[in-house]
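Step one of this worksheet: look at the structure below.
By convention in this document, chain letters (A, B, ...) are assigned in the order of the sequence lines, proteins followed by strands, and residues within each chain are numbered from 1.
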Amino acid sequence: MKIEYNHKKIEEKWKKKWEKTGIYKVDDKNDKPKYYILDMFPYPSGEGLHVGHPKGYIATDIFARMKMMQGFNVLHPMGWDAFGLPAENYAIKNKVHPKLATDKNVATYKRQLEMLGFSYDWEREINTTDPEFYKWTQWIFLKMFERGLAYESNEPINWCPSCKTGLANEDLEDGRCERCGSEIERVPMRQWVLKITDYADRLLNDIDKLEDWEESIKEQQRNWIGRSEGARVNFQHRDGTENIEVFTTRPDTLFGATYMVLAPEHKLVSTLTTKEQKKTVQEYIKNAAKKSNLERTELQKEKTGVFTGAYAINPVSGKEIPIWIADYVLAGYGTGAIMSVPAHDERDWEFAKKYGLDIVEVVLGGEDVDQEAFCGEGTNVNSGFLNTLETADAKEKMFKWLEEKKRGEKAVNYKLEDWVFSRQRYWGEPIPLVHCAKCGVVPVPEKELPVVLPDVENYEPTGTGESPLAAIEEWVNTKCPKCLGEAKRETNTMPQWAGSSWYYLRYIDPKNDKELVSKEKESYWSPVDFYVGGAEHATRHLIYARFWHKFLFDIGAVAYDEPFKRLQHVGLIQGEDNRKMSKRWGNVINPDEIVDAHGADSMRVYEMFMGPFSQAASWSTNGLVGARKFIEKSISITEKVTEEESSEEIKNLLHKTIKKVAEDIEDFKFNTAISQMMILVNKITEIGSVNKKDYLLFISVLAPFAPHICEEIREKLGETVSVFESDWPKYDPELIIDKKINLVIQVNGKLRETIEVEADIQEEEAKKIATENETIQKWIEGKEIVKTIFVKGKLVNIVVK
RNA sequence: GCCCGGGUGGUGAAAUUGGUAUACACGAGAGACUUAAAAUCUCUUGGCCGCAAGGCCGUGCGGGUUCAAGUCCCGCCCCGGGCACCA
């Protein structure tokens, strides 16, 4: 039997066949155990896919196919995260509806994914820009609004003067607009904000429940949430007019607080500033306001600040301390104000030195605090009732004092900030709220969802910062759902993160328009068993999705409080020049060309063979040739198939391969699974014949990697059932036992001889063989044997002196 | 600066978690087939010394633990990713 490997013909044939027989169609329930494996869905950009994009999808496809064969009811869906700025910019430039561009891009992506032979059930395809989908994104927002988790806030935001839109921190790159590169400004804007901080503790604590997540990603999330324990302390203005609240992790150093610093945005800045200082302070604030947080924090060399002219009273020492303003203090963290303890904090020390502020040592343990800050723990001095106490005890005593005197309390603080959830853009989900002069902010009634994004003439930003929606009067003007009076719609839209925060639930029940997801289907499919995607989403997307999921759990919409059971991140595929694949470097490899020239199966095998899955790897079309050769070699074995039994050697290797491939796929170690299959194929080629059934077992484990050709081989050999509807092979434990082993003999830890022996050789005999061996004799002759070590099934080490 | 990865042949990498370092693949070289080339097949391919048998060295660098270290410990250097004046 000879098979001519025309990959184009074969791959097309099997794609058609799979579609016709519908073998990837997913049942909502059957008697098999379920397995839900999910890819992070792509943003369909205008460029189409490059060869790096599908790496994760290939891996999940292999995994899904194995699970199918192992008897699981597998859900492995795909969809589109299609709202976002590129489509909007494209619309502005070309005066076409972003929907048209999006549809076109989706079509390209879909064609390219289908080309690679993935086992998606396209009947479950979703698109975040579909009103039937975003109806539920809006619904979730409404529920959050109802529960007080969404609030309006008029805060300074990042403003791109060129795109004329507001940008969240997530859309910035080095203080510049991620899209157009312009330097951003800080401009106040009315925003909708989600109170993710209400969930900070749960988001943090439940990380410990995520046993099957990579430790590095969990650590990144912990750092992102950034919980710290300390105290909130009230400082009073010396004339008793104002209270300034600070957060500190070192309440034990309170006696050493010799000045205070407010963020330039702090609400008390103008109240506190004295007449004399007004001008200098305003000047300073103006400059600070121009800078983004990133820029402010990047100027590491020197901190700048300005004195307000005001003084506060240190609550424990009673001393008057000056109040300063400095932009290294961030408005969004803690209370936006700090107490400065220059003797025991490096930044405060630097600042105090620069502006000639007092440095008072209150913790013993360092060198000279006039030369260097001491940030460690030690014994308190110059600290009144804390003197002689060690740091931990001093903290405790201070907590008690603060509470007794009502000057503060124990407090927990998070780095995590509330989520600015509105964008002044067109191409996003409208926020389903109405502004009524009489009733205030009123939610759109559930039965009126979705609030559909209207068509507009002009996608250009308004320039005022408002969304282009604000210009569509017939859409903006509406009736208040409460009093039926004149009202206006909210014109802000949601950020791109909205749809991706819950989309995995939609796949479970993609057509439901009565509820978010049916209880029955949700309890069957949830949670996602395995989630695979880019490491760049370790903190943002994955924290947002966990937040939304916990909220949905709280309102009874889902049955588990964590959405993703196992998480694996995929390493980038870089260009052949070791740089990120991008148009800019001209190093983009198009999968269309690769598949056309070498076939989808070769590309799949190659990408999995490149190296460890989570590690970055550089593309090499040369390397791809190896994958192609392996497939051709596997095919050519069809000419060596017989009815006779395979040799012992082949049987042993085959069953080892079956075992290893299953284990390696489970662990996402595809590269070593493929190596093992190559070893088997080389051996069969060398020996020159193999039993047909044995060969088919090999084809079954190869099939998830190279589905098209494996189907073809099976058909040519007379099999009538798709390999993906047949059983995953089981290895025979008897056959993988090695009867003979190479016993390694070392002298003083150095390899001197290997001898083939029975695998179950016992210590005494092994030692005897070793010492009597001729080569070994030469090494131990005339020397004293100190001891002999025997490792079962491995080696003998003779230690001589 | 902090946190998380990583450093192994000409190249991508493997190593059962302390037990034969370099599996598998690419590339390179030689040979077979061919009028020739391609394809395919076979062999060689870490370095040094040696005609050979064989020996010595060798997993970023320097120490250490151990019968035995790519793997563990201590101290450095470099590369990648993330966070960054976090009070």
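Separation of the P atoms belonging to B:rA69 and B:rA21 is 10 Å when rounded to the nearest angstrom. Only the C1' atoms considered, B:rC79 is 45 Å distant from B:rA32, to the nearest whole Å. Atom name P, nucleotides B:rC41 and B:rC26: the rounded distance is 10 Å, in whole Å. Spacing between B:rC61 and B:rG55 at atom P, rounded to whole Å, works out to 25 Å. A distance of about 35 Å separates the C1' atoms of B:rC3 and B:rG10, rounded to the whole Å. Remark: the separation of the P atoms in B:rG70 and B:rU59 is 7 Å, to the nearest Å. Taking the P atoms as reference points, B:rU34 lies 24 Å from B:rA28, given to the whole Å. Straight-line distance between the P atoms of B:rU11 and B:rG60: roughly 13 Å, to the nearest whole Å.
OP1 and OP2 of B:rG82 both lie 4.0 Å or more from every side-chain N or O belonging to A:K218. A:Q220 has no side-chain polar atom (N or O) that falls below the 4.0 Å cut-off from OP1 or OP2 of B:rG81. Under 4.0 angstrom from either OP1 or OP2 of B:rA14 there lies no side-chain N or O belonging to A:K669.
The partner of B:rC72 is B:rG64, by the rule that a Watson-Crick or G-U pair needs both atom distances under 3.5 Å. Across every strand in view, B:rU40 sits in a pair with B:rA32 that passes the Watson-Crick or G-U test at under 3.5 angstrom. In this entry B:rG80 has B:rC4 as its Watson-Crick or G-U wobble partner, both defining distances falling under 3.5 Å. The pairing partner recorded for B:rG27 is B:rU45, the criterion being a Watson-Crick or G-U wobble arrangement whose two distances lie under 3.5 angstrom. Base pairing analysis places B:rU59 opposite nothing; no Watson-Crick or G-U wobble pair with both distances below 3.5 Å involves it.
With a glycosidic angle more than 90° from 0, B:rG82 adopts the anti conformation. Glycosidic conformation of B:rU17: syn, with the torsion inside 90° of 0.
At a threshold of 4.0 angstrom between heavy atoms, the contacts of A:S620 with the nucleic acid are absent. Backbone-only contact: A:I679 has heavy atoms under 4.0 Å from sugar-phosphate atoms and none from a base. A:W779 comes within 4.0 angstrom of the backbone, heavy atoms only, and of no base. At the heavy-atom level, A:N682 lies under 4.0 Å from the strands shown only through sugar-phosphate atoms. Within the 4.0 angstrom heavy-atom criterion, only backbone atoms of the sugar-phosphate kind lie near A:K633; the bases stay farther away. When heavy atoms are screened at a 4.0 angstrom cut-off, A:R752 is found touching the sugar-phosphate backbone but no base atom. Here A:N671 lies in heavy-atom contact (under 4.0 Å) with sugar-phosphate atoms only.
In this structure, A:R222 pairs ionically with A:E219, as a charged nitrogen and a carboxylate oxygen lie closer than 4.0 Å. Using a 4.0 Å cut-off between charged side-chain N and carboxylate O, A:K218 and A:E214 make no salt bridge. Between A:D738 and A:K656 there is a salt bridge, with a side-chain nitrogen of the basic residue lying less than 4.0 Å from a carboxylate oxygen of the acidic one. By the 4.0 Å N-to-carboxylate-O rule, A:E774 lies too far from A:K778 to be salt-bridged with it.
Of all nucleotides listed (B:rC57, B:rC86, B:rA13), B:rC86 comes nearest to the side chain of A:L330. The side chain of A:K794 lies closest to B:rG19 when the candidates are B:rC24, B:rA87, B:rG19. When each of B:rA13, B:rU20, B:rC86 is scored by its nearest atom to the side-chain atoms of A:P612, the top-ranked nucleotide is B:rA13.
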*Checking side chain to side chain donor-acceptor pair (under 3.5 Å) for the pair A:N682/A:K633: CA distance, chi angles, key distance, verdict?*
CA-CA 8 Å; A:N682 290 346; A:K633 245 175 160 173; 2.8 Å; yes
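Projected onto RNA chain B by closest heavy-atom contact, A:N223 and A:I674 fall at different nucleotides, the more 5' of which corresponds to A:N223. Judged by closest nucleotide on RNA chain B, A:T685 is the one of A:T685 and A:D345 placed further toward the 5' end.
When all heavy atoms are compared, the tightest approach of A:V690 to A:I650 is CG2-CG2, 4.0 Å.
Atom CD of A:E211 is surrounded by 12 or fewer heavy atoms from other residues, nucleotides or ligands within 6.0 Å.
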Between N or O atoms, less than 3.5 Å apart, protein on one side and nucleotides 65-70 of chain B on the other: list the pairs.
unit_1, atom_1, unit_2, atom_2, d
B:rC67, OP1, A:K787, NZ, 3.3
B:rC67, O2', A:N797, ND2, 3.2
B:rC67, O2, A:N797, ND2, 2.6

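Following rounding to the nearest Å, A:R628 (CZ) and B:rA39 (C1') show an atom-to-atom distance of 12 Å.
A search for salt bridge (charged side-chain N to carboxylate O under 4.0 Å, His left out) contacts involving A:E346 returns nothing, not counting sequence neighbours.
For the pair A:K660 and A:Y731, the cation-pi criterion (under 6.0 Å, within 45° of the ring axis) is not fulfilled.
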